[in-house]
Amino acid sequence: MENTYRLKGALPKVGIRPTIDGRREGVRESLEEQTMSMAKAVATLIEGTLRHPNGDKVECVIADTTIGGVAEASACEAKFEKENVEVSITVTPCWCYGAETLDLNPHRVKAIWGFNGTERPGAVYLASAAAAHAQAGLPVFSIYGKDVQDSGDQTIPADVETKLLTFAKAGLAVAQMRNKSYLSIGSVSMGISGSIVDPHFFSDYLGMRTEYVDMIEIMRRIENEIYDKDEYEKALAWVKANCKEGAELNKPHLIKDQAAKEADWEFIVKMTLICRDLMVGNEKLAEKGFVEEANGHNAIAAGFQGQRHWTDYKPNGDFTEAILNSSFDWNGTREAFVVATENDALNGVPMLFGHLLTGTSQIFSDVRTYWSPEAVERVTGHKLEGLAANGIIHLINSGSTTLDGTGKQRNAVGEPAMKPFWDITEEEVKACLDATTWPSANREYFRGGGYSSCFLTEGGMPVTMSRISMVKGLGPILQIAEGYTVELPSDVHDTLNKRTDQTWPTTWFVPNLTGEGAFKDVYSVMNEWAANHGAISYGHIGGDLITLASMLRIPVAMHNVPEERIFRPKVWSAFGTKDQEGADFRACNNYGPLYKNA
């Protein structure tokens with residue numbers, strides 16, 4: 001199991017700021033232990049619960065002293081800068097001096113937990129400090145327990161714990177993107193607008209660079225053998241042992257002979273190594289004398305153009321994308337990469353969001369077809385029932401989907417799941433591989449050949465589909481749809497699947513309906529989806545995505561997340577409390593992208 005940080009720079013930490021009433025000679029002294037105990041309890045919670053996507057446990061840094069005024073706030077800031085703290089949580093059980101104790105770092109996301117107790121007004125400080133943050137133009141997340149606690153109670157209530165962890169996960173995701181790169185391998189694919197990569201979106205909203213490499217670089221590295229030959233031999237042997245060729249469905253005159261098929265396998269394995277090396281570098285290349293190539297582009301996400309300049313000529317990128325997006329390869333289990341098909345960066349970004357929030361691999365799919373119950377019954381004679389009773393959405397793409405998407409991993413109670421790599425067993429890896437075949441690519445689409453992954457996702461998994469879209473004059477928006485994967489009878493699946501390209505992986509998806517707006521029915525979800533692709537993450541993580549989007553100032557245009565799971569900065573209520581979606585748009589417009597003045 002790999003457990004290393006493959007990007008340049010240090011992993012971000014969470015800083016805990018214990019603030020206190022600064023009055024000496026009795027008041028402050030009586031509060032020191034309680035205040036520092038709150039800070040330690042929060043640190044214990046976060047360190048004992050959260051991991052970075054590479055498997056390392058999240059670290060917390062607590063200020064050296066409680067913070068009673070400006071001098072101690074400044075000392076805390078100096079420590080945080082030295083310790084790479086990019087997320088801060090201020091905690092207090094008492095009144096403190098609001099504007100004097102704030103975290104004023106403009107790019108560090110912030111929260112305040114004000115203890116709900118009657119002995120000392122921690123909630124009053126929370127309100128005062130939140131007002132000061134609003135006045136300073138620094139949105140802060142307000143955490144206030146529902147139930148009053150006794151002053152000696154050092155437990156963290158469940159509702160407070162949920163908000164602390166939601167905030168920390170989203171804040172760490174923001175921090176991990178900063179100063180990393182999105183790597184475009186190629187350019188615009190088939191006129192797909194999401195592959196028109198906008199550097200201003202990445203820099204202003206995500207704090208990221210955009211890097212660009214022409215696809216000819218893959219050919220240069222193959223022809224000049226700029227890859228690790230030992231790893232290539234290992235990878236090719238693994239592929240031959242574990243990747244079963246699927247049905248040959250090409251027309252006779254388009255079928256490659258066996259020698260050409262073997263050559264395609266050798267080519268795409270090399271391409272996979274090279275694309276990975278382009279993203280994160282490879283010290284083995286320096287040992288071969290390729291020092292510049294060994295560095296990589298520090299890419300936390302990437303996209304491969306493929307169609308059509310590449311795929312009309314060379315084997316497609318389906319295998320490369322599918323294996324990189326999976327949580328395992330010939331080296332065992334490891335952190336999944338994020339690679340967008342057709343270089344659709346606007347789908348790659350929500351894939352990245354989901355990966356950073358959950359540590360799991362992400363499904364990339366076309367949001368291909370809405371099948372109404374009436375249409376399914378007309379075509380197959382089958383009446384949809386259960387979760388599928390109101391219709392289904394066919395998620396399918398050209399074989400680039402993570403193999404974790406088979407659903408062959410299992411959670412603690414034996415249900416199908418997609419897990420962080422450190423929880424995936426060898427048996428589960430084998431099950432994912434066994435459930436996947438690799439048919440020859442459809443050469444009417446992919447003239448250069450190659451192989452596409454083919455599998456059917458198990459039903460019963462809670463999943464969240466999301467998508468970033470750009471709107472001129474408005475900027476980026478995020479759409480979110482929580483729901484479930486579903487299974488159909490095999491003959492029904494076969495009939496529906498054969499109406500499209502049956503060499504590709506399929507996920508049947510049903511969104512949770514609310515009876516209102518875009519979620520009044522399944523058809524409306526499909527009809528309101530703003531683009532042709534969607535990023536699908538295991539679990540119902542819509543609330544985490546909403547919190548993350550508010551940190552970045554990206555408004556959420558469509559979601560079905562229950563109100564009790566929505567957590568945004570306190571000042572968002574200043575833009576309206578009746579229409580939360582509208583308030584979100586107004587707040588994001590008012591504050592602008594997180595890094596606009598960076």
Side-chain angles (χ1 to χ4, degrees), residues 14-19 34-51 58 60 62 87-96 109-131 133-134 139-174 357-358 462 464 480 482 512 514 539-551 556 559-574 577 580 583-584:
V14 177
I16 314 296
R17 307 175 72 255
T19 55
Q34 183 185 5
T35 304
M36 192 58 79
S37 293
M38 279 185 73
K40 292 176 180 177
V42 172
T44 298
L45 169 68
I46 291 172
E47 291 183 339
T49 307
L50 300 184
R51 287 196 187 192
V58 171
C60 292
I62 301 176
V87 178
S88 81
I89 301 173
T90 298
V91 301
T92 190
C94 62
W95 167 254
C96 318
V109 293
K110 315 170 199 2
I112 302 173
W113 172 27
F115 186 81
N116 185 2
T118 56
E119 290 83 359
R120 300 282 185 175
V124 177
Y125 168 74
L126 172 62
S128 174
H133 274 285
V140 68
F141 287 78
S142 174
I143 300 173
Y144 177 52
K146 181 179 179 181
D147 298 319
V148 172
Q149 292 179 260
D150 297 331
S151 61
D153 186 353
Q154 296 185 11
T155 62
I156 301 177
D159 60 329
V160 172
E161 180 177 302
T162 296
K163 288 186 175 180
L164 286 169
L165 293 175
T166 297
F167 168 80
K169 281 189 291 185
L172 288 165
V174 169
L357 288 169
T358 67
T464 302
I480 300 168
E482 294 185 339
N512 295 337
T514 66
H540 288 158
I541 64 165
D544 293 335
L545 286 168
I546 288 173
T547 298
L548 173 58
S550 69
M551 292 173 175
V556 178
H559 75 83
N560 58 348
V561 179
E563 184 175 347
E564 62 270 17
R565 287 173 42 215
I566 296 173
F567 188 33
R568 291 182 171 119
K570 174 75 176 285
V571 73
W572 258 233
S573 63
T577 56
Q580 289 194 14
D584 183 35

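Since this is a predicted model, take the numbers as computed values, not measurements.
- In this view, T358 and T360 satisfy the side-chain hydrogen bond (donor to acceptor under 3.5 Å, both in side chains) rule, not counting sequence neighbours.
- Within the 4.5 Å cutoff, the side chain of T464 has heavy atoms near those of the E482 side chain.
- Across all their heavy atoms, Q34 and P93 have their closest contact at NE2-CB, 3.4 Å.
- Residues passing the side-chain hydrogen bond (donor to acceptor under 3.5 Å, both in side chains) test with T90 are R17, sequence neighbours excluded.
- The ring pair (Phe, Tyr, Trp, His ring centres under 6.0 Å) check on F567 picks up F141, with sequence neighbours excluded.
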Could you please spell out the steps behind the side chain to side chain contact (heavy atoms under 4.5 Å, CB included) verdict for V140 and V571?
CA-CA 7 Å; V140 68; V571 73; over 6 Å; no

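- Summarising the geometry, atom OG belonging to S142 is positioned 11.5 Å from atom CZ belonging to F167; distances are rounded to the nearest 0.5 Å.
- Evaluation of the side-chain contact (heavy atoms from CB on, under 4.5 Å) rule for S573 yields T577 as partners, not counting sequence neighbours.
- With sequence neighbours left out, the side-chain contact (heavy atoms from CB on, under 4.5 Å) criterion links T44 to no other residue.
- When atom types are taken as modelled, the side chain of T514 and the backbone of N560 share no donor-acceptor pair closer than 3.5 angstrom.
- By the side-chain contact (heavy atoms from CB on, under 4.5 Å) test, A43 is found to be paired with I16, C60, I62, residues two or more places apart in sequence or in another chain being considered.
- Summarising the geometry, atom CD1 belonging to I143 is positioned 13.5 Å from atom CG belonging to N116; distances are rounded to the nearest 0.5 Å.
- Evaluation of the side-chain hydrogen bond (donor to acceptor under 3.5 Å, both in side chains) rule for T547 yields no partner, not counting sequence neighbours.
- Residues satisfying the ring pair (Phe, Tyr, Trp, His ring centres under 6.0 Å) test with W113, not counting sequence neighbours, are none.
- Applying the side chain to side chain donor-acceptor pair (under 3.5 Å) rule to pairs touching residues 154-172 yields D153-T155, K169-D544, sequence neighbours excluded.
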Can I get a per-line list of side-chain donor-acceptor pairs under 3.5 Å for residues 35-42, giving both atom names and the distance, sequence neighbours left out?
unit_1: T35; atom_1: OG1; unit_2: L31; atom_2: O; d: 2.8
unit_1: S37; atom_1: OG; unit_2: E33; atom_2: O; d: 2.7

Determine whether D584 and H559 satisfy the following criterion, side chain to side chain contact (heavy atoms under 4.5 Å, CB included), listing intermediate values before the conclusion.
CA-CA 12 Å; D584 183 35; H559 75 83; over 6 Å; no

Please step through side chain to side chain contact (heavy atoms under 4.5 Å, CB included) for the pair L50 and L165, ending with a clear verdict.
CA-CA 8 Å; L50 300 184; L165 293 175; 4.1 Å; yes

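- Remark: I480 CD1 to L545 CG distance equals 4.5 Å, nearest 0.5 Å.
- Annotation for Y144 and A123: closest pair CE1-CB, 3.3 Å, computed over non-hydrogen atoms.
- Nearest heavy-atom pair across R565 and H540 is NH2-O, 3.3 Å.
- Residues V556 and R568 meet the side-chain proximity criterion, which asks for heavy atoms closer than 4.5 Å.
- Under the rule for a side-chain hydrogen bond (donor to acceptor under 3.5 Å, both in side chains), the partners of Q580 that lie at least two apart in sequence or sit in another chain are E563.
- Taking the salt bridge (Lys or Arg N to Asp or Glu O under 4.0 Å) definition, one finds that K570 meets it with nothing, sequence neighbours left out.
- When every heavy atom of L548 is checked against every heavy atom of A173, the shortest pair comes out as CD1-CB, 4.1 Å.
- Taking all atoms of both residues into account, the shortest heavy-atom contact from G171 to V109 is CA-CG2, 3.5 Å.
- Counting only heavy atoms from C-beta outward, the side chains of L164 and I46 never approach each other to under 4.5 Å.
- Of all heavy-atom pairs spanning P157 and Q149, the tightest one is CG-OE1, 3.2 Å.
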